[in-house]
Amino acid sequence: MADLLVTDARIVDPSGVTKGDIVIENGRITAVGPTAARECAGDPERLDADGMVAIPGVVDVHNHMHDDELFPADIDFASETASAVAGGVTTVVELPTQTPVTTPEAVRQKRDDCEQLAHVDFGLVAGNFEDADVDVAEIIAEGTRDFKTFTAEPYLAEDREIVELLSAVGEAGGKVRVHCETQGILDHARAQIDGDDPGVYMDSRPVEAELDAIGRMGWFAEYADCPLHVVHVSSGSGAREGARFKSRAEVPVTLETCPHYLAFSKEDVEELGPFLKVNPSLKSPAEVDRLWDALADGTIDLVASEHFPTHRAERERGWENIWEPYAGLPSIETMLEFLASEGVRDGPLSWQRLLELVCARPAREAGLYPQKGSLLPGTDADVVLLREEPYEVTASKLAFVGGWTPYEGREWSHRVDTVIAGGEVAARDHEVLSDPGDGEFIERGPIR
Ligand SMILES: [Zn+2]
């Protein structure tokens with residue numbers, strides 16, 4: 001017997017947008033499409049979508065949401081996965097931030113901690129690895145297969161260590177994610193700067209640092225025979241650089257970008273100052289245009305939030321001295337609304353391309369498709385209804401506890417109305433109805 005019947009939705013699937021219904025039973029989708037309601041047995045709760053767009057719950061594969069050493073007491077996996085579900089994100093893959101998650105024991109500990117707090121289903125990434133002295137097989141046995149390393153401070157790994165890590169992880173069926181900026185270029189650029197106002201920050205991280213590192217990591221991955229995931233590509237040129245390896249490499253290369261690299265250029269820093277401090281830094285308007293092209297034409301594989309929570313007051317210190325606050329932006333709650341409004345309505349994306357970028361492709365990347373990232377019968381009932389109405393973005397209407405958003409004041413057209421996670425209504429109009437502990441850890445085995 002069905003538990004929930006969503007009627008009159010405009011359902012996004014890989015072939016297009018069709019009017020129809022979604023039948024949910026025991027946390028799973030049992031029927032979907034124009035005639036689904038007729039197949040619905042029993043007397044379920046009914047949810048009239050009234051023509052709203054229905055897409056699968058977003059799968060966000062890059063975010064930083066739990067670190068007791070780093071984040072203040074009111075920011076943890078509970079507060080941040082609440083912000084996630086409010087924004088239509090029903091599966092997250094959480095990355096290490098400051099506290100190392102570099103041993104099997106640390107992965108297990110973080111899993112146990114996060115399971116108590118999670119509003120949504122989650123996976124973990126191990127890292128940050130500064131050398132190749134890693135128990136790869138045992139970490140994979142703990143249910144994660146992603147290993148994070150850096151070509152830049154503060155977790156700079158030497159080239160030889162990265163090659164060895166790639167080799168060991170590739171052999172074991174895992175995947176390496178790399179932060180791509182070359183430290184030598186960053187060091188040189190930083191040494192040219194003696195100011196501390198927000199405007200100078202962008203000059204400290206030139207685009208060439210990203211281009212060089214993406215190129216080198218592409219060759220490294222091919223040499224070491226290991227799948228490579230390039231996190232947060234910040235420029236259209238970076239996407240092109242990575243695409244060289246997608247067309248020729250023996251190993252898969254996945255390119256990720258984040259909403260802020262599409263929403264802002266370095267010219268916005270004059271107005272928004274420290275509220276745009278992020279690594280890699282924002283690039284020129286021309287690079288932003290090229291990145292949109294790469295998003296639309298398939299060069300970029302997926303969009304992830306790279307959510308990094310801080311309080312407004314912490315961030316405001318940057319007006320005085322931009323080197324003081326942490327880099328990183330709160331973005332998990334606004335990612336879907338941004339892409340629906342500025343990507344689909346006002347930009348070059350179709351609904352199907354949006355589905356691919358934030359649902360299907362990230363689910364495949366995480367090894368979770370079609371259970372996550374699709375609305376196919378038999379899969380998890382994670383569904384987002386998007387309401388079309390003009391509104392102005394404001395932090396006071398978000399569930400996020402930090403009290404700010406870089407998108408403050410932007411005029412958007414699509415708002416997350418209702419979020420269903422595991423068959424239950426988990427959020428309505430950014431009010432969170434789920435509880436900590438509702439989400440489950442998702443074990444992800446080796447790729448091959
Ligand atoms: Zn990150």
Side-chain angles (χ1 to χ4, degrees), residues 58-67 69-71 75-77 80-81 83-84 87 89 91-102 106-107 110 114 122-130 144-157 162 165 175-183 186 201 205 209-210 213-214 217 228-235 238 242 254-264 276-283 291 300-310 315 325-335 358 362 365-366 400 402 406:
V58 168
V59 179
D60 182 22
V61 295
H62 187 166
N63 40 73
H64 301 268
M65 309 202 290
H66 189 77
D67 194 322
E69 284 180 25
L70 177 66
F71 296 133
I75 289 180
D76 63 11
F77 209 58
E80 301 317 291
T81 52
S83 178
V89 176
T91 306
V92 299
V93 178
E94 151 78 10
L95 274 74
T97 309
Q98 185 173 295
T99 305
V101 187
T102 50
V107 173
K110 187 162 183 179
C114 289
F122 70 100
L124 294 175
V125 171
N128 298 317
F129 296 105
E130 294 172 68
T144 181
R145 63 187 200 190
D146 295 312
F147 296 75
K148 174 86 184 289
T149 190
F150 287 67
T151 63
E153 298 286 0
Y155 306 104
L156 173 65
I162 295 176
L165 180 69
K175 187 162 193 169
V176 171
R177 297 176 172 213
V178 188
H179 175 122
C180 289
E181 288 181 292
T182 294
Q183 188 62 40
L186 301 184
Y201 191 76
R205 306 190 86 97
E210 173 167 273
I214 290 175
M217 290 309 111
L228 174 71
H229 179 111
V230 181
V231 295
H232 53 50
V233 175
S234 69
S235 62
T254 310
L255 303 179
E256 165 200 299
T257 192
C258 311
H260 31 277
Y261 300 119
L262 298 158
F264 305 101
L276 292 181
K277 182 178 177 183
V278 63
N279 294 339
S281 62
L282 301 174
K283 302 301 189 294
L291 191 59
I300 289 285
D301 295 287
L302 61 92
V303 182
S305 73
E306 235 246 309
H307 181 75
F308 185 97
T310 53
R315 190 50 67 109
Y326 286 109
L329 305 176
S331 51
I332 202 164
E333 193 170 344
T334 45
M335 177 166 73
V358 297
E365 151 66 19
F400 175 55

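When a ligand or atom number is given, it counts from 1 through the structure's own listing order.
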**Q** May I ask you to check whether H179 brings an N, O or S atom to under 2.8 Å from the Zn ion (ligand 1)?
**A**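 Here the distance criterion (N, O or S atom, under 2.8 Å) is not met by H179, so no.
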**Q** Kindly say whether the aromatic ring centers of H64 and H66 come within a distance under 6.0 Å.
**A**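 H64 vs H66: aromatic centres not under 6.0 Å.
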**Q** Looking at the Zn ion (ligand 1), which N/O/S atom of E306 is the nearest one?
**A**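 That would be atom OE2.
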**Q** Is the F308 to H260 ring centre distance short of 6.0 Å?
**A**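 When the ring centroids of F308 and H260 are compared, they turn out to be at least 6.0 Å apart.
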**Q** Assess the side chains of T99 and K110: does a donor N or O sit below 3.5 Å from an acceptor N or O?
**A**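 The answer is no; no qualifying pair exists.
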**Q** Any N/O/S atom of H232 sitting less than 2.8 Å from the Zn ion (ligand 1), backbone or side chain?
**A**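 For H232, the answer is no, given that no N, O or S atom comes within less than 2.8 Å of the Zn ion (ligand 1).
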**Q** My understanding is that only one of E94, E80, E333 makes a side chain to side chain contact (heavy atoms under 4.5 Å, CB included) with H307; could you say which?
**A**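 For H307, the side chain to side chain contact (heavy atoms under 4.5 Å, CB included) test succeeds with only one of E94, E80, E333, which is E80.
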